[in-house]
Asker: 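Submitted below is the structure of interest, expressed as structure tokens.
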Protein chains: 2
Amino acid sequence: LDYQHVQVPFEITLWIMLASLAKIAFHLYNKLPSVVPESCLLIFVGLIMGGIIYGLNDKSPPVMDSDIFFLYLLPPIVLDAGYFMPSRPFFENIGTILLYAVVGTIWNVFGIGFSLYGICQVRAFGLRDVSLLHNLLFGSLIAAVDPVAVLAVFEEIHVNEKLHILVFGESLLNDAVTVVLYKLFRSFCEMPAIKTVDVFAGVGKFFVVGIGGVLVGLTFGMTSAFTTRFTKDIRVIEPLFVFLYSYLSYLTAEMFHLSGIVAIIACAMGMKRYVEANISLKSHTTVKYFMKMWSSVSDTLIFIFLGVSTIGENHEWNWPYIFFTVIFCLIWRALGVLVLTFFVNRFHVNTVTSKDQFIIAYGGLRGAICFSLVFLLPDFRRKKLFIAATTVVILFTVFAQGMTIRPLVDLLHVKRQRESAPTVGEQIHIRFLDHLLAGIEDISGHWGQYYWKDKLEYFNSKYLQKFLLREYDQPKSSIVLLYEKLERKHAIELAESGQLGHAPSHPSLLCSGFLCSNSDRAVITEKKLEDAVHPDGLEDIQEILARNLYRIRRTGPAYSRHTLPGETEPVEQAQEILILQRRSL
Amino acid sequence: LDYQHVQVPFEITLWIMLASLAKIAFHLYNKLPSVVPESCLLIFVGLIMGGIIYGLNDKSPPVMDSDIFFLYLLPPIVLDAGYFMPSRPFFENIGTILLYAVVGTIWNVFGIGFSLYGICQVRAFGLRDVSLLHNLLFGSLIAAVDPVAVLAVFEEIHVNEKLHILVFGESLLNDAVTVVLYKLFRSFCEMPAIKTVDVFAGVGKFFVVGIGGVLVGLTFGMTSAFTTRFTKDIRVIEPLFVFLYSYLSYLTAEMFHLSGIVAIIACAMGMKRYVEANISLKSHTTVKYFMKMWSSVSDTLIFIFLGVSTIGENHEWNWPYIFFTVIFCLIWRALGVLVLTFFVNRFHVNTVTSKDQFIIAYGGLRGAICFSLVFLLPDFRRKKLFIAATTVVILFTVFAQGMTIRPLVDLLHVKRQRESAPTVGEQIHIRFLDHLLAGIEDISGHWGQYYWKDKLEYFNSKYLQKFLLREYDQPKSSIVLLYEKLERKHAIELAESGQLGHAPSHPSLLCSGFLCSNSDRAVITEKKLEDAVHPDGLEDIQEILARNLYRIRRTGPAYSRHTLPGETEPVEQAQEILILQRRSL
């Protein structure tokens, strides 16, 4: 027996296997996941595993290595989050998200830090040796909402899109703030004296870390898109580039002390549309599947490790400090959300309701990032107290808040995610309104969201697509793509129900026509929406699409300061009209 | 800048990136891959990289770590090979393959070892200190044909299926022999005296290592299939199990000093059909895609590392020893193939032609396995000589033989792989003949290949499928599956050509009917086979399939010693006939 030789890969494989089997086991009993979030169950499994290891070896089980967490477990989850980020609600609420992520996190850090320092001044608690700086350092690591924990809980409760993106977006983008503040206070702890310059340098770093992360991410994202232009003859390694470049963006950002999370999200969001257009359909299935698989395994491993690491002798218990940490985490977050939302609702048309505010405050779960950061602290006397407090906060938020948030959402009748995808009609209306608003903003000289979106779209189709796409001359509208997808799905269903391939007689045709409208409707509306849109109307839309959407023309706005009307290739338009006319004859 | 922190993953990612980019670059110039095999070009890239590293650092570039090779780079390639192994030709030629792999490899080891020992006795060469045991040890590592190198070259030249499986199967299965002989001679080298018992123990080990590997592999394969029975609610982690269990089988086999390659191949071949039936279509696409991707990247990295490791100061040059090593490798392999094929042709109906023999002998490429084994040798005086000789043999076989084998195959008019997949008609005939031969063997009491295949199939459908498949009651015949696939493909083509979705009029129907037969023919015959099978015939087959193949009945052989005729669910059959009759009315 030669165990030494294969130990490392063998143990890694076994851990992943354990995680996967745990996942299967939970889903075998359908009732369990609907009551308890998966994250709680996984931590529970981890606690049991840790207890077993502790009992057998009589020493603390190995703690989750911070390096392993930040270098190998976190990136897949963030990549998945960034790649599947719904970009429309994200950019519509980017202002609010940034406000929560930056100002809110700073508010929490200083609020928690200062008030814990106040607690330390109470002589009876015996905590007078914990300095203000150490309290602020602790605040900087405990304040940040954790994307992994948030995702694990919010994915299961299906709140409305806006609320989801507010909490989730905040949890992702606050990484830049956490990185800066944590490193700032850590270096302050080691400095003999702090000058005012250092404080200002710290403020400057915010922008460097955040914007630097975005730039690194976008650079790698564009390189990735550019690389996939040349993979036509060797489709099989296409998925690799998506993973390699986004991982490189994360590592590069970490190397330069920028925000790796922000970088990987910028990379994923930047490359998505170009990569999707360049790579083959099967490659894309593989990319999506593997991303989901990897992130789900990482997620499982993180929660199991969290449980395992909790067991052991790393903790120093101090009731008041730990109790007040939990209380302050809750209070300062609630206050922060209230105050910030007040300003948001003042200056924003699309307000955040009070129910939503409650869920945002309540959904501020802490997770493995805090846990890894607290272990990365330099050794000092009270480190074990900080570890204990962090563990308690994480367990409290994941268990108490995570398990009660679903009943609360039900109780408060928080607006849920709409169960059906938007119909084609709705999509056309939304698109139409976008163009309309962009035009209004342009005329009124207001540089708002739609104005920038339109400009970006113009830049994209004028320069980026030519450079990054293999076949840039056919920018297919998403409506056309949807139509093609529906047609394909319909055809498959016809084939599977055996309506195709026989010499079709008239009755079967009628039947297939009926099936067609039926199946398409099912796809478009996902559930029951027959009452919302009349089926005949849908068929009409389809008919129109089939006849006329041969090629979508990118119609410039009728009024523009830069182009004259009619500049857009009149010859091609004339040809198309001719072709369509001839067809209808 | 904090490079230390991210060094390991960063460098790994960069190496993989280099490998992928090199692959893209080669495929951009269409002419290059058709003249030079990719493996040669990759070694060349490696040589250049090694030269650059050597020039910059003024010390030998890092050698490919044997652990990295055996634990991380080799398994993906072998898994891919095992999973996509064409099982029919493999089992049809299993006897010949095993003869080449076991007897042939032993022949080569002792042939090369003893004759090199003879060379060492020549006083003028200054090699008298190389003992017989060291020569045999060297023979044991240099004798084995390398699956990675063979695959890289033979994938490009498309020889006929039988020839391919003979060379490729041998290169995979000789691993058991190599493992045993290499470890045997290595331990002999360190023993003070060798007893006869040790030699017999060595012979016994053959069976343990080989059959043990198969058993470990099958165990993990069956566990994997069993696990995927329960993944219905959590499709996204299905692909993981295929990779985890096969990797575990490899590691477990290595741990017990069994043949890891044999284990992973048995695991992959064993689980394939069950896993395929259990997991979703998208999961399966992901599995196949990722396997190909991984093996292709591993393969690329191995050849690049081979090139890099060649540069440096690890070599001791001795003209006669190196020259005669190359010569003996060629001669003993040629002799071995001739002698063994003589016996094969004597006792086997399906003979190996002399052209095929030449290509088998000539295709005996050496590769990274030898290279890693020679670095794993214990340190002794002549190790650097062995490294130099191994490097030269690898480079000679990969470059000289690898580059000339394609012209030789052209020149000798070696039978090529048929360019088209078998038609449905052929498949039905093959199936029919299998059953016929199984019946004949059963009657004649001859326990041949078909007898065992039939027995295995019976055992499979009677016990294994019930245990391993989620929905075991519907064993779909491959013909039905093919038919469904064709129908689906046809439907998609119809949809894409815009023939579907409009209210269909009669002319378009005729047109679509025409398209149908056209596209299906294209799929079935892949190229031009219209003259072989009359198109009307194909359409008839389709018609018949569509009408009658509602559910395939597994018809037992009409004569059997174990079952009475008519035992197979007469009620269901009657029902089906009723349904079919009602339909035709």
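A note on names: the letters A, B, ... follow the listed sequences, proteins ahead of strands, and every chain is numbered from 1.
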Asker: Side chain, backbone, both or neither: which part of B:Tyr289 has a non-hydrogen atom closer than 4.5 Å to chain A?
Answerer: both
Asker: Side chain, backbone, both or neither: which part of A:Phe241 has a non-hydrogen atom closer than 4.5 Å to chain B?
Answerer: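 Only the side chain of A:Phe241 comes within 4.5 Å of chain B.
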Asker: Side chain from CB out, backbone as N, CA, C, O: work out which of these in B:Phe70 comes under 4.5 Å of a heavy atom of chain A, or both, or neither.
Answerer: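 For B:Phe70, there is no contact with chain A at all, as no heavy atom is under 4.5 Å.
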Asker: Kindly state each residue pair satisfying side-chain hydrogen bond (donor to acceptor under 3.5 Å, both in side chains) with at least one member in residues 292-301 of chain B, sequence neighbours excluded.
Answerer: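 Applying side-chain hydrogen bond (donor to acceptor under 3.5 Å, both in side chains) to every pair that reaches into residues 292-301 of chain B, excluding sequence neighbours, yields B:Lys23-B:Thr300, B:Asp80-B:Lys292, B:Asp80-B:Ser295.
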Asker: Given heavy-atom pairs under 4.5 angstrom as the criterion, report whether the side chain, backbone, both or neither of A:Leu244 touches chain B.
Answerer: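 Both backbone and side chain of A:Leu244 come within 4.5 Å of chain B.
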Asker: Nearest 0.5 Å, what's the OH-OG1 distance between A:Tyr250 and B:Thr13?
Answerer: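 Rounded to the nearest 0.5 Å, the OH-OG1 separation comes out at 12.5 Å.
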Asker: Report the distance from atom CD of A:Glu238 to atom CD1 of B:Ile24, rounding to the nearest 0.5 Å.
Answerer: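 These two atoms lie 8.5 Å from each other.
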Asker: Indicate the atoms forming the closest heavy-atom contact of B:Val6 with A:Met255, along with that distance.
Answerer: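 For B:Val6 versus A:Met255, the nearest heavy atoms are CG2-SD, 3.7 Å.
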Asker: Considering only heavy atoms, which portion of A:His257 lies under 4.5 Å from any heavy atom of chain B: side chain, backbone, both, or neither?
Answerer: side chain
Asker: Less than 4.5 Å to any heavy atom of chain B: does that hold for the side chain of A:Phe243, its backbone, both, or neither?
Answerer: side chain
Asker: How many angstroms lie between CD1 in A:Ile234 and CD in B:Glu38, if you round to the nearest 0.5 Å?
Answerer: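 That separation rounds to 6.0 Å.
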Asker: Suppose we screen for ring pair (Phe, Tyr, Trp, His ring centres under 6.0 Å). Which residues come up paired with B:Phe230, at least two apart in sequence or across chains?
Answerer: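 Here the qualifying residues are B:Phe226.
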Asker: Between A:Ile16 and chain B, with a heavy-atom cut-off of 4.5 Å, which part of the residue counts as in contact: side chain, backbone, both or neither?
Answerer: both
Asker: Give a yes or no on this: more than 12 heavy atoms of other residues, nucleotides or ligands lie within 6.0 Å of atom NZ of A:Lys183.
Answerer: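 Count over threshold, so yes.
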Asker: Return the OG1 to CE distance between A:Thr286 and B:Met293, rounded to the nearest 0.5 Å.
Answerer: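 Reported value, rounded in 0.5 Å steps: 8.0 Å.
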Asker: Between chain A and each of B:Arg235, B:Gln7, B:Glu254, B:Lys288, count heavy-atom pairs under 4.5 Å; write down the option with the most.
Answerer: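 Highest number of pairs under 4.5 Å: B:Arg235.
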Asker: Among B:Leu14, B:Val8, B:Val287, B:Leu240, which residue has the highest count of heavy-atom pairs closer than 4.5 Å to chain A?
Answerer: B:Leu240
